[in-house]
S.K.: 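One structure follows; several queries about it will come next.
Atoms considered below: every heavy atom in the structure, side chains included; atoms not considered: hydrogens, waters and symmetry mates.
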Amino acid sequence: MEALAQPRNLTARRRARRLGALGVAAVMAVGTLAVAPSASAAPAAVATAAPTVLAARAASTVTLSVSHGKVRKNEAVWVAGKVKVGGKVAAKRKVTIQTRKPGGTWTSVGEVRTKGNGKFSTSLRVTSKVEVRARVGATTSGAAAASAARTVATTSGDRTLANRKASLAARAGAYKGKAVTLTKKQRSATRLDGLAAARYRSVAKGLLVETTTRSKGKKTVRTWLVSGKILKAYKAAGGPKGTYGVPVGDARCGLPADGCVQRFSRGVLYSSSAKAKATGTRTLGARGEVFAAARSQLGYKKRTPNPEVQSTKFNRWMGSSKPWCSFFVSWSFAASGHRSSVPQEKSFAKFRAEVRRTMKTGKSPKVGALAFLDTRPPVGDNHVAIVVARSGKNITIVEGNMGSGWGNRGVITRTIPARSAVFYAYPNY
């Protein structure tokens, strides 16, 4: 009987497996398995998941006004506006200031954050006719938006001290004291080519410096404004009679960390919200702007339990926890208004690769070059620094992420043999 029963049991098992397979298929097709109720149980309800609905971003609006529609080359224009999201003021919203030549491509030249009332303001230095707009990116609550464009043109003609004060109006304020004229010897000390006359006068909100230059028989009169932390450092260094000479343009502001840079005939001064005092360098032009921003970070340090996972201000700025020597270099260029002169990459390896791909490289230790160093021979070029000076066979560099392995790592300056560099790269200043 047992032998006769086995085929019937086997057939039953096969039938059960087939029914089970059909049940699984049904579950896969429907997504919910319905269990037959017992005679005494009420029919079971089939649970269904409610669809996820993403909240739509509210519309953002950005307004923008400019202080002047026409300025002289290298004069500042103040821009101001307001940001709203869903009809309500947007506090602490990042606003990017962009410019372009008429009909060209928009380029970011500054950034600022809105105040509690949604308003923002900053200034930019104008060198040619441009269109200006303010833009906000998308956030979880608000959509991206841009203001209407405003046009600022550059004009020719002299700009005397009195004329500039009238143009600046409330941004200069009332005169304080009398005008002071530089002597011939003092003018010579400024090292400004063709400087025939110079005078300056304090106003309530800064210092106005008028310069008269002559070149090929042509006379040009310009007046520049020095203010804020830069003015304090400028006065401490002797003002127009001192270390930095006379200004050659207004300050450029709207840089990261509320940064401003201003060029003088004998150097550059840089200020930001991160430091109580402005930092200077005797290097001129764009190089001086980068050096001043880099030098402002000297002394910065942070204890690092793991050198491979770091959380300095430069890591946060770059959005990466990797070793940050290249982040510091990128930050120094961005903070001084020269972001596009060097790559902005989230690792040293990618930074070095992009430098080799896009920049000129060589063995010559030039001031302003990037020096790629081997800090753990014979690893190879594993570190980068900015060359800020050269003397004979030595170079002076400013560099980040330096220090003992598990101790404080920070920004330092030091002098090393020029041959220490594996290679140099030359930014387009």
Side-chain angles (χ1 to χ4, degrees), residues 53-71 75-100 102 105-126 130-153 167-173 204-206 225 227-230 250-262 270-276 293 313 316-319 331 334-337 339 344:
V53 179
L54 297 176
R57 290 190 177 100
S60 300
T61 59
V62 186
T63 61
L64 180 73
S65 63
V66 297
S67 61
H68 299 81
K70 296 179 180 180
V71 293
E75 285 184 352
V77 169
W78 281 261
V79 297
K82 191 171 186 177
V83 179
K84 288 185 176 182
V85 176
K88 299 180 180 179
V89 297
K92 297 182 180 181
R93 188 79 179 270
K94 180 181 176 181
V95 181
T96 301
I97 307 301
Q98 298 180 319
T99 63
R100 70 177 181 183
T105 302
W106 289 107
T107 301
S108 298
V109 296
E111 61 184 48
V112 65
R113 287 194 177 273
T114 58
K115 298 178 180 179
N117 57 6
K119 294 182 178 181
F120 64 90
S121 64
T122 187
S123 66
L124 62 146
R125 188 173 60 206
V126 177
V130 292
E131 293 178 334
V132 184
R133 75 174 184 180
R135 185 182 185 279
V136 293
T139 65
T140 54
S141 59
S147 71
R150 302 283 182 256
T151 300
V152 180
S167 174
L168 290 169
R171 289 185 174 82
K205 296 182 180 180
L225 174 67
S227 62
K229 295 177 183 179
I230 288 178
D250 285 348
R252 177 182 178 180
C253 297
L255 300 170
D258 298 320
C260 294
V261 288
Q262 189 162 10
Y270 166 85
S271 69
S272 75
S273 59
K275 292 281 186 176
K313 61 186 289 185
R316 293 193 297 274
W317 176 78
M318 183 58 74
W331 180 92
S336 56
R339 180 186 296 268
Q344 312 281 313

S.K.: If you look at every heavy atom in Val95 and Ala134, which pair is closest and at what distance?
M.R.: CG1-CB, 3.8 Å
S.K.: Can you find a pair of side-chain heavy atoms, one from Val132 and one from Val77, that are under 4.5 Å apart?
M.R.: no
S.K.: Checking the side chain of Arg57 only, and the main-chain atoms of Thr139 only, is there a donor and an acceptor separated by less than 3.5 Å?
M.R.: yes
S.K.: Assess whether a salt bridge exists between Glu111 and Lys94, defined as any Lys/Arg side-chain N lying under 4.0 Å from an Asp/Glu carboxylate O.
M.R.: yes
S.K.: Check whether any side-chain N or O of Lys205 sits under 3.5 Å from a backbone N or O of Ala170 as a donor-acceptor pair, and report yes or no.
M.R.: yes
S.K.: Of all the heavy-atom pairs spanning Ala335 and Ala293, show the shortest one and how long it is.
M.R.: CB-CB, 4.3 Å
S.K.: Is a donor on one side and an acceptor on the other found under 3.5 Å between the side chain of Arg93 and the backbone of Gly137?
M.R.: yes
S.K.: Hey, does the side chain of Arg252 reach the backbone of Val109 with a donor-acceptor pair shorter than 3.5 angstrom?
M.R.: yes
S.K.: List the atom of His68, the atom of Ser167, and the distance in Å for their closest heavy-atom pair.
M.R.: NE2-O, 3.0 Å
S.K.: CD1 of Ile230 to OG of Ser271: how many Å apart, nearest 0.5 Å?
M.R.: 4.0 Å
S.K.: Mind running side chain to side chain contact (heavy atoms under 4.5 Å, CB included) on Ile97 and Ser108 for me, showing each step along the way?
M.R.: CA-CA 6 Å; Ile97 307 301; Ser108 298; over 6 Å; no
S.K.: Donor-acceptor check, side chain of Asp250 to backbone of Leu225, threshold 3.5 angstrom: yes or no?
M.R.: yes
S.K.: Under the side chain to side chain contact (heavy atoms under 4.5 Å, CB included) rule, what do Thr63 and Ser147 come out as? Steps first, then yes or no, please.
M.R.: CA-CA 5 Å; Thr63 61; Ser147 71; 5.9 Å; no
S.K.: side-chain hydrogen bond (donor to acceptor under 3.5 Å, both in side chains) with Gln344: which residues, sequence neighbours excluded?
M.R.: none
S.K.: For Leu124 and Thr99, what are the C-alpha separation, side-chain angles and deciding distance, and is it a side chain to side chain contact (heavy atoms under 4.5 Å, CB included)?
M.R.: CA-CA 10 Å; Leu124 62 146; Thr99 63; 3.7 Å; yes
S.K.: Using a 3.5 Å cut-off and no angle test, enumerate the donor-acceptor pairs between side-chain atoms of residues 78-87 and protein atoms at least two apart in sequence or in another chain.
M.R.:
none

S.K.: Quick one: closest heavy-atom pair of Ala251 and Ala76, and the distance?
M.R.: O-CB, 4.2 Å
S.K.: So, for Trp106 and Glu131, which heavy atoms are closest and what is the spacing to 0.1 Å?
M.R.: CZ3-O, 3.4 Å
S.K.: For the atom pair OG1 (Thr96) and CZ (Arg133), what is the distance rounded to the nearest 0.5 Å?
M.R.: 9.5 Å
S.K.: Any donor-acceptor pair under 3.5 Å linking the side chain of Thr122 with the backbone of Gly254?
M.R.: yes
S.K.: Measuring from atom OG1 of Thr107 to atom CZ of Arg339, what distance do you get when rounded to the nearest 0.5 angstrom?
M.R.: 12.0 Å
S.K.: Strictly distance-based, threshold 3.5 Å: is any side-chain N or O of Lys229 a donor or acceptor partner for the main-chain N or O of Tyr270?
M.R.: no
S.K.: Working note: Arg135 + Gln98, criterion side-chain hydrogen bond (donor to acceptor under 3.5 Å, both in side chains); need CA distance, chi angles, decisive distance, verdict.
M.R.: CA-CA 7 Å; Arg135 185 182 185 279; Gln98 298 180 319; 5.0 Å; no
S.K.: Ignoring hydrogens, what is the shortest heavy-atom contact between Thr114 and Ala90? Give both atom names and the distance.
M.R.: OG1-O, 2.7 Å
S.K.: Short question: side chain of Arg150, backbone of Leu64 - any donor-acceptor pair under 3.5 Å?
M.R.: yes
